[in-house]
Protein chains: 4
Amino acid sequence: MLNKKPKKPYINWKARLHEIIYEADTPAGKLFDIILLIAIVASIVFVMLESISEFNARYHNFLNIAEWVITIVFTLEYIARIISVKKPFRYIFSFYGVIDFLSTIPKYISLIFFGTQVLIALRALRLLRVFRILKLARYLGASNMLASSLKASKTKILVFLFAVLIVSIIFGTLMYLVEGEASGFTSIPVSVYWCIVTLTTVGFGDIAPVTALGQFIASIIMILGYGIIAVPTGIVSAEFVSQNRGNHGSPARIPEVDLNTEACPYCSAEKQKDNAKYCYNCGHPLHENT
Amino acid sequence: MLNKKPKKPYINWKARLHEIIYEADTPAGKLFDIILLIAIVASIVFVMLESISEFNARYHNFLNIAEWVITIVFTLEYIARIISVKKPFRYIFSFYGVIDFLSTIPKYISLIFFGTQVLIALRALRLLRVFRILKLARYLGASNMLASSLKASKTKILVFLFAVLIVSIIFGTLMYLVEGEASGFTSIPVSVYWCIVTLTTVGFGDIAPVTALGQFIASIIMILGYGIIAVPTGIVSAEFVSQNRGNHGSPARIPEVDLNTEACPYCSAEKQKDNAKYCYNCGHPLHENT
Amino acid sequence: MLNKKPKKPYINWKARLHEIIYEADTPAGKLFDIILLIAIVASIVFVMLESISEFNARYHNFLNIAEWVITIVFTLEYIARIISVKKPFRYIFSFYGVIDFLSTIPKYISLIFFGTQVLIALRALRLLRVFRILKLARYLGASNMLASSLKASKTKILVFLFAVLIVSIIFGTLMYLVEGEASGFTSIPVSVYWCIVTLTTVGFGDIAPVTALGQFIASIIMILGYGIIAVPTGIVSAEFVSQNRGNHGSPARIPEVDLNTEACPYCSAEKQKDNAKYCYNCGHPLHENT
Amino acid sequence: MLNKKPKKPYINWKARLHEIIYEADTPAGKLFDIILLIAIVASIVFVMLESISEFNARYHNFLNIAEWVITIVFTLEYIARIISVKKPFRYIFSFYGVIDFLSTIPKYISLIFFGTQVLIALRALRLLRVFRILKLARYLGASNMLASSLKASKTKILVFLFAVLIVSIIFGTLMYLVEGEASGFTSIPVSVYWCIVTLTTVGFGDIAPVTALGQFIASIIMILGYGIIAVPTGIVSAEFVSQNRGNHGSPARIPEVDLNTEACPYCSAEKQKDNAKYCYNCGHPLHENT
């Protein structure tokens with residue numbers, strides 16, 4: 001193993017790049033992640049600012065330049081990712097590969113087509129990239145517990161959502177019949193929409209019942225919604241309580257949070273074991289100097 | 001028992017029909033249920049679309065034909081159900097029998113009377129038929145637990161609702177006296193309606209206090225509502241927690257979910273025991289070939 | 001003891017009246033309570049209907065007569081209560097004595113003064129009388145548990161309310177400075193009122209921020225309110241859970257619900273012990289024939 | 001120790017002042033706290049009243065005098081605090097020292113500059129002083145428990161808030177693209193603001209979707225918000241439940257609430273031990289006569 005080191009000097013350069021991009025444990029990797037995080041957040045902020053017409057009118061040039069800078073950063077990152085992995089196509093057609101591509105191209109497309117609204121949507125996709133960088137160990141434990149609690153109560157929540165939907169359709173139809181077009185209940189879908197607005201206690205007030213019977217039915221819907229809100233809360237609370245109990249009582253049940261941020265340079269498989277020398281997926285050495 | 005099989009060939013046809021309609025375990029039964037589910041959902045969607053006046057103006061003919069197709073499907077199903085059971089009247093006057101009848105007739109009635117709003121309500125009733133088809137085993141466990149939790153906290157919820165009603169009437173009367181007709185508090189019932197809107201944190205805003213004293217009382221109502229919402233949530237949470245504990249600690253307390261979808265072809269009794277040969281209710285053989 | 005019975009025949013008549021009025025265990029007592037309950041609910045409904053101006057204009061005579069009937073019923077009941085107790089003044093100046101008096105007089109006052117709004121408030125007080133009649137055993141257990149849960153978390157709820165108030169004043173002042181009079185934030189009290197409306201997720205929308213900074217601060221207030229709502233819910237939930245556990249685990253901790261509806265005919269003390277012969281408070285015999 | 005008493009008579013006067021100001025256990029200390037509490041609450045009320053233009057126009061002189069009285073009370077208190085501690089600069093640059101200074105000066109500044117809005121904000125800062133006075137033993141236990149519950153679920157709440165923010169930005173951008181400027185979704189930041197308003201079930205209604213697709217997406221956001229509200233509630237509930245259990249089961253885990261209100265006259269260190277003679281921080285005697 002030791003005699004391999006001086007033999008492939010050019011590979012070491014790629015391996016180093018791979019470590020910087022895919023791993024957050026080294027200082028260079030951390031710096032890379034922080035720069036990328038700033039670029040992503042900045043790009044989101046610029047998309048937002050550009051949508052404010054007076055701001056865009058005033059600082060159009062600045063926004064244009066900033067967008068080009070971010071696009072170039074993303075382009076370089078995209079190329080670096082393709083170079084540093086051994087099987088580039090596996091990366092290109094992976095979930096994050098597609099998102100990286102889509103969030104890089106909008107500015108290039110805008111050179112050909114002008115003012116397309118769809119480009120804003122593409123640019124908003126960049127937000128999804130944040131998830132990759134957020135390999136912060138501290139929060140993973142908490143979010144894992146949140147996710148497992150939600151997963152455990154999934155069927156209950158589905159039954160509950162189905163019940164909410166049926167109640168909304170029945171009461172929505174009823175309100176359409178009772179109130180009619182004059183009060184804004186112009187069709188059953190609009191009426192069902194109003195019913196969801198009311199049942200979830202949002203209550204915009206753009207549509208509101210005006211007849212006595214309509215207000216009476218609305219009161220029933222509201223009190224029902226008030227009661228219904230207790231159900232998902234109860235479900236999740238019970239799940240958290242039972243998780244808390246499990247954790248305090250039997251420490252063996254604490255879910256093992258995977259904090260290893262290494263990825264195989266050959267097959268891009270993540271979640272490598274700590275101190276592993278070879279990828280669990282393809283058997284390739286994780287570090288070139290081993 | 002074995003010599004009965006060749007004796008009644010005509011009965012076998014009816015028994016087969018009964019199995020398809022009333023049981024979800026066989027492939028034919030599943031297909032029947034899926035077709036019916038599509039028909040029901042489609043009929044609901046068409047009722048909704050018809051209520052959108054511009055859509056109705058444009059696609060009136062299409063909606064008319066679609067409604068006739070669904071009505072014919074429902075008619076055939078209704079007739080098949082009557083034929084396949086041994087005691088048709090028991091089915092006709094059962095809960096689902098009446099709903100099946102009511103959700104079939106609207107189109108026929110519309111031939112005689114034109115544009116009656118009530119027909120829409122009748123057609124919305126079709127949604128209730130969904131419950132019969134949803135014999136999905138997975139969700140029954142979850143919904144059973146939901147139902148039993150709600151049942152266990154029934155009296156507490158009733159006391160709570162009664163308290164909400166009394167608070168609403170008292171504060172509603174108070175707001176009527178304080179605000180008067182100028183701000184929209186035109187009568188005590190309207191004022192009580194506003195109070196329920198506020199207490200449940202829906203807050204439409206179609207009626208809102210404008211005097212200083214009115215806004216002060218409204219603030220008290222809102223904070224009260226904020227506190228009151230904790231009560232049903234707490235009740236249901238506690239119920240779920242104690243159910244969760246029961247299930248985890250003593251597996252004997254897991255409620256037995258009845259997943260058998262068979263129904264007796266003679267008396268229509270449901271919830272037959274698994275592997276039962278004779279109806280627990282009337283003693284009739286469940287399968288003609290036994 | 002036995003020789004007392006024939007001696008006071010006139011007292012037996014009063015004792016009988018006392019039993020009918022103050023106790024719900026006998027058939028006559030139950031009938032009395034039901035009639036009174038109907039009278040109270042009817043009187044509330046009539047106050048509500050009278051406030052609807054078009055209804056009042058149409059059925060003024062009917063409402064007037066109905067109000068007189070109810071007033072006479074209440075007057076008779078008030079006199080009967082005074083006669084049947086041995087110490088009338090103790091009853092007259094008790095909480096329910098004052099309420100009974102106040103809910104009886106509005107119609108008599110209206111003979112002298114016309115159209116006074118205050119009379120409506122007096123009539124609404126009648127609702128408080130419902131609580132006396134509702135000696136229903138079933139619900140007492142549930143409401144006792146509700147009450148004791150709320151009492152146990154009283155200080156926590158007070159701290160929470162104080163925190164809500166301080167947050168509202170600080171953010172209200174901030175919004176007043178940021179938004180100014182143009183958006184409806186005309187003064188700090190109005191701004192604090194808006195802040196409570198927002199924090200409790202009611203959101204009327206009669207006042208809403210229009211400046212970018214105002215909307216940013218509003219977003220913080222809303223997310224804060226979303227988080228804060230978890231606190232009272234958590235408090236009450238935890239209380240219910242610990243009560244549920246107490247009840248399931250150790251049956252000795254089930255709170256003893258006092259279902260005895262007897263009241264001493266001499267000193268009007270309630271909550272007598274079951275099967276008691278003498279009042280625990282004044283030593284007077286509870287039943288004249290003992 | 002005993003021979004020290006007659007030696008420093010002038011020190012005793014300062015020590016007495018220190019005890020009155022910094023400790024709530026003596027009658028004089030309690031009186032001082034109550035007077036200060038009244039002054040603070042009164043100053044807040046006056047700031048509020050002054051913001052109501054019609055009230056200010058009418059009672060301008062009264063408000064002016066009242067403000068001067070409060071300013072003088074605060075000035076005297078500020079001077080007394082500086083005199084009574086041995087290291088005045090440590091107090092002046094402490095958190096409460098700065099707040100005391102800032103809440104004293106507004107009236108003096110108003111002599112030089114007129115009508116500055118910032119002064120109102122400075123005056124509102126006085127509310128923060130309430131926290132110092134509220135050394136009420138009863139509530140400390142409850143608020144400590146509240147605080148420790150929130151602290152224990154801090155990371156979970158942060159993950160949750162981050163999720164809410166990302167959902168708001170994604171759906172906000174979507175709604176901006178779908179609804180456009182006509183319905184009030186004038187820019188992405190405004191759209192994200194609307195999304196937070198909806199997700200938290202506040203629902204002002206100043207901006208509301210009008211297109212069918214917009215209302216459909218809004219329905220999804222609302223039901224999502226309805227489900228999301230369960231998460232913080234569940235987290236806090238579970239925390240309270242586990243705290244309640246800890247307290248009931250093992251009395252050793254009841255958090256020790258620090259009710260000692262003494263402060264060192266030399267270094268101003270708070271939270272002295274009960275019956276301590278010397279400061280735990282600087283070794284200075286806590287009471288001059290020891």
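Order of the sequence lines fixes the chain letters, A, B, ..., with proteins taken first and strands second; residue numbering starts at 1 for each chain.
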Novice: C:Glu50: what forms a side-chain hydrogen bond (donor to acceptor under 3.5 Å, both in side chains) with it, not counting sequence neighbours?
Specialist: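 side-chain hydrogen bond (donor to acceptor under 3.5 Å, both in side chains) list for C:Glu50, sorted by chain: C:Arg123.
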Novice: If only atom types and distance count, is the side chain of C:Ser187 paired as donor or acceptor with the main-chain N or O of D:Ile52 below 3.5 Å?
Specialist: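 No, C:Ser187 side chain to D:Ile52 backbone: no donor-acceptor pair under 3.5 Å.
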Novice: Answer with side chain, backbone, both or neither: which region of C:Thr198 has an atom nearer than 4.5 Å to a non-hydrogen atom of chain D?
Specialist: both
Novice: Tell me whether C:Phe216 at atom CZ has more than 12 heavy atoms from other residues, nucleotides or ligands lying less than 6.0 Å away.
Specialist: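 Check fails, neighbour count at 12 or below.
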Novice: Are C:Val202 and D:Val202 side-chain neighbours, meaning at least one heavy-atom pair lies under 4.5 Å?
Specialist: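 No, too far: nothing below the 4.5 Å cut-off.
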Novice: Is there side-chain contact between D:Tyr193 and C:Met222, with heavy atoms separated by less than 4.5 Å?
Specialist: yes
Novice: To the nearest 0.5 Å, tell me how far C:Asp206 CG sits from D:Asp206 CG.
Specialist: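 The CG atom of D:Asp206 is 10.5 Å from CG of C:Asp206, to the nearest 0.5 Å.
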Novice: Need one label for C:Val197: side chain, backbone, both or neither, based on atoms under 4.5 Å from any heavy atom in chain D.
Specialist: neither
Novice: Kindly compute the distance separating CD1 (D:Ile44) from CD1 (C:Ile170), expressed to the nearest 0.5 Å.
Specialist: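 D:Ile44 CD1 to C:Ile170 CD1: 8.5 Å, rounded to 0.5 Å.
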Novice: Among C:Gly203, C:Gly172, C:Pro209, which residue forms the greatest number of heavy-atom pairs with chain D at distances under 4.5 Å?
Specialist: C:Gly203
Novice: Highest number of heavy-atom pairs under 4.5 Å with chain D: which of C:Ala218, C:Ala212, C:Ser237, C:Pro189?
Specialist: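 With the most close heavy-atom pairs to chain D, the winner is C:Pro189.
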Novice: To the nearest 0.5 Å, what is the distance between CD1 (C:Ile223) and OG (D:Ser168)?
Specialist: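 Result: 6.0 Å between the selected atoms.
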Novice: Applying side-chain hydrogen bond (donor to acceptor under 3.5 Å, both in side chains), can you list everything that pairs with C:Ser183, at least two apart in sequence or on another chain?
Specialist: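 Only C:Glu179 meet the side-chain hydrogen bond (donor to acceptor under 3.5 Å, both in side chains) criterion with C:Ser183.
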